[in-house]
Amino acid sequence: MSSARKLSISKRLWFLLASTGLGIVAMLVFLFFNMWSELNESERKKLDAINDVALGFVSDAYHKYQNKELSEQEAKLYAIARLDQIRYEGNEYIFVYRRDGMLIMDPSLPDEERFKVNYYDFKDPEGTPLFQHMNERTKDSKRATVTYVWELPDSLPMIENTLPAPKMSRVIVFEPWNWIIGTGVYMTHVTEKLWSGFWRLSGLFLLFSIPILVLFLIIYKRRLEISEQKQKIEEIDYQNAILEKRVMKRTEELSSALKHLEQAKDELVQSEKLSSLGTLVSGVAHELNTPIGNALTSSTVILEAENRFSEMVARKITRKDLDDFVRRVREGGQIIERNMSKAAELIVAFKQLAVDQTSAHRREFYLSEIVEEVNLSIRPTLRRSSCNLEIDVPEDLHLDSYPGPLSQVLINLISNAVIHAFKEDEDKSIRIVATNEPDGWISLSVIDEGYGIPPELQKQIFDPFYTTRLGQGGSGLGLHITFNIVTGILGGSIDVNSEPGKGSCFTAKIPTSSPCPNSCS
C-alpha cells in the first residue's frame, strides 16, 4: 500500500472517530435534557398528589363544619392539625396562607404568628413578592407552579444552611375558606436525582456503545482493505478497457465512412421523395391565388356596397337603391361561391394526395381517382411548362394497394418527361394510359412524344445518381426511387421502351392487390 493511500485511510479513521465522539456527546446532551424534563414533570406530579391529599384533609374538615359536627374555627384547627402531620423528602411540609396574605400554617414560622401577621408583602431573598405571585398564578387556574428562593434546612447534608436555594412549589386553592395550600421541593434534590440517574444511564450507554464502536471500526477498516483490493482489480479492468476501446475505435473508424455514405444516400433519396411534394405545394399555392384573389375582391365590393347602403338607410332609401344593393350582394356572393368551390376542389385533391404521399397506408381505391388527384396537383407545373396531359384510364380499375407510393410513381414519371423529354421551345404532350391485364394485374404507362432515350443509356436509366443533367438541377434519384417503389411496395415491375426521335414509354405492371401485407420501406 502506498504512503498516500495509508495517509488517506488514517484520515478517514480519525474523521470517523471524531464524528462518532461528537455523536456520543450530542446523544448524552440530549439524554441529559430529556431526563431533566422528565424529572421535573415527575416532581410536579408528585407534588400534585401530595396537594390532593392535603386538599382531601381540608375538604373533610369543611364537611364536618357543614354537617355542624364542628364549628368553623374547630374545623380549621382540625384541618391544620392533620396537614401538620404530612412530611415527605425528609422534612418537607405543607404550608397554608389566605389570599390576603394571612398565615394559616407554616411549620417554618412561629405558631404565635398564625392568624396575626400579614405576609402579603413578604419577599424572598431575591426580592420576589411570594404571596402576591401565588395570588396572580391562581386567579385563572386553581392549580399553579411557583418558583422562588428559600433558605435550605439543616437536614440537607453537605450544604451550608445560610445559603438560599431555588425551590419549586405547587399550590392549589380551597375556595370555601379562600386558602392557598402548597408544598414544594428544593431543586437541589432534583439536581441530585438527575446527576445520579444520568451517571448511571451514561455508564450503561457507554458500556454498550464502546464495544459496538470498536466492532464498527474493525468492520470499517476491513471494508477499506476490501475497497483497496477492488481498486487494484478496477485498475486492471481499466487497462483492459482501454485496450478494448482502442480496438473498437479502429473498428468504428473503418465503418464510419461506409455509414456516412449510406446516410448521405438515404438523405438524398428522402430529399428526392419530398421534392415533388414541394413542387406540388408551390404549384397549388399559385393555382389557389386566382380564385382566392377573386373571392377577396368580391368580398371587398360587398363590404363597400354595405357601407353605402348603411349611409343611405341613415338618410332615405328608395326601392331602386334596395334592388341595387341586393343585386350587388347576390352577384358578389355568386362570385365568391364559384371561386371558393374551385379552391376547395384543389385543396381536397392536394390534401388527399399529400396525405397519401407522406404515408404508406394500404387502402382500396379506384385508379382513376388517384390519377385525377395527381392531375389537379401537378397542373400548375404542366401549365408553366406548356405541357398538355392526356388521361386514358378506365373508371372501373379497382385496386387494394398503396395510393401514396403509386401517386409518387406517376409524379416522378411525369416530372422526368417534362424535364428530360422535350426541348424548351417545342410543344409538349404526355399521356397516361392504363389497361386491365389478366390474372389480377394492370398496366400503367406514361408516354411522351419527346426525342427519346439512346439505347446505350436505357440500361442505366434506373441506376442511382445517374442523370444526363448533372449540375443543372438533376439528382439522378427520381427514376431510381420509382423503380424501388414499383418493384418493392407495389410488388410489380417497370421497364422503358424508347427510340430516338419517337419519344419514350415507361410501363409499370402492378397487381390489383398488393402482395405486401404491411407498410414497406
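These values consider heavy atoms only, across backbone and side chains, with no hydrogens, waters or symmetry-generated copies. All of these numbers come straight from a predicted model, not from anything done at the bench.
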Inset, instruction - Measure the shortest side-chain to side-chain distance between D448 and S429 over non-hydrogen atoms and say whether it is less than 4.5 angstrom. - result: no
Inset, instruction - May I ask you to check whether over 12 heavy atoms, not counting those of E390, lie within 6.0 Å of atom CD? - result: yes
Legend entry - Neighbour count above 12 (heavy atom, 6.0 Å) for Y366 OH: no
Legend entry - V486 side chain near I510 side chain, heavy-atom distance below 4.5 Å: yes
Legend entry - Pairing of R362 and D400 as salt bridge, 4.0 angstrom limit: yes
Legend entry - Member of N412, T487, N416 meeting the side-chain hydrogen bond (donor to acceptor under 3.5 Å, both in side chains) criterion with T482: N412
Legend entry - Distance (rounded to the nearest 0.5 Å) between R137 CZ and K142 NZ: 15.5 Å
Inset, instruction - Looking only at non-hydrogen atoms, find the nearest pair between R143 and D52 and report the distance. - result: NH2-OD1, 2.9 Å
Inset, instruction - Determine whether V446 and V409 make a side-chain contact, defined as any pair of heavy atoms from C-beta on separated by less than 4.5 Å. - result: no
Inset, instruction - Report the distance from atom CD1 of I432 to atom CG of L413, rounding to the nearest 0.5 Å. - result: 9.0 Å
Inset, instruction - Could you tell me the separation between the CZ atom of R170 and the CG atom of D48, rounded to the nearest 0.5 Å? - result: 4.0 Å
Legend entry - Nearest heavy atoms of S514 and I489, plus distance in Å: OG-O, 3.0 Å
Legend entry - Greater than 12 external heavy atoms within 6.0 Å of K46's NZ: yes
Legend entry - Pairwise distance CD(E373) to CZ(F365) - rounded to 0.5 angstrom: 10.0 Å
Legend entry - 4.5 Å side-chain heavy-atom contact, I430 and N388: no
Legend entry - Which atom of G491 lies closest to which atom of P511, heavy atoms considered: O-CD, 3.5 Å
Legend entry - side chain to side chain contact (heavy atoms under 4.5 Å, CB included) between Q239 and I242, intermediate numbers included: CA-CA 5 Å; Q239 296 297 329; I242 291 177; 4.3 Å; yes
Legend entry - V433 and V393, any side-chain heavy atoms less than 4.5 Å apart: no
Inset, instruction - Find out whether T507 and N497 are in side-chain contact, i.e. whether some heavy atom of one side chain is under 4.5 Å from a heavy atom of the other. - result: no
Legend entry - Taking every non-hydrogen atom, the tightest pair across N436 and W441: OD1-O, 3.3 Å
Inset, instruction - Supply the atom-to-atom distance N51 CG to R44 CZ, rounded to the nearest 0.5 angstrom. - result: 13.5 Å
Legend entry - Nearest atoms (heavy-atom pairs only) where F422 meets E449: CE2-C, 3.8 Å
Inset, instruction - Check whether any side-chain heavy atom of T145 sits under 4.5 Å from a side-chain heavy atom of M168, and report yes or no. - result: yes
Legend entry - E437 to S443 - nearest heavy-atom pair and separation: OE2-CB, 3.4 Å
Inset, instruction - Find out whether K428 and S386 are in side-chain contact, i.e. whether some heavy atom of one side chain is under 4.5 Å from a heavy atom of the other. - result: no
Legend entry - Expected output: side-chain T512 to main-chain L399 donor-acceptor under 3.5 Å: no
Legend entry - Rounded distance (nearest 0.5 Å) linking atom CZ of R431 with atom CG of L389: 11.0 Å
Inset, instruction - Might you work through the side chain to side chain contact (heavy atoms under 4.5 Å, CB included) test for I461 and I453, ending with a clear yes or no? - result: CA-CA 9 Å; I461 199 168; I453 304 172; 3.3 Å; yes
Inset, instruction - Could you walk me through whether H398 and L367 pass side chain to side chain contact (heavy atoms under 4.5 Å, CB included), step by step? - result: CA-CA 6 Å; H398 182 269; L367 180 61; over 6 Å; no
Legend entry - F506/S498 under side chain to side chain contact (heavy atoms under 4.5 Å, CB included): CA gap, chis, key distance, verdict: CA-CA 9 Å; F506 288 84; S498 178; over 6 Å; no
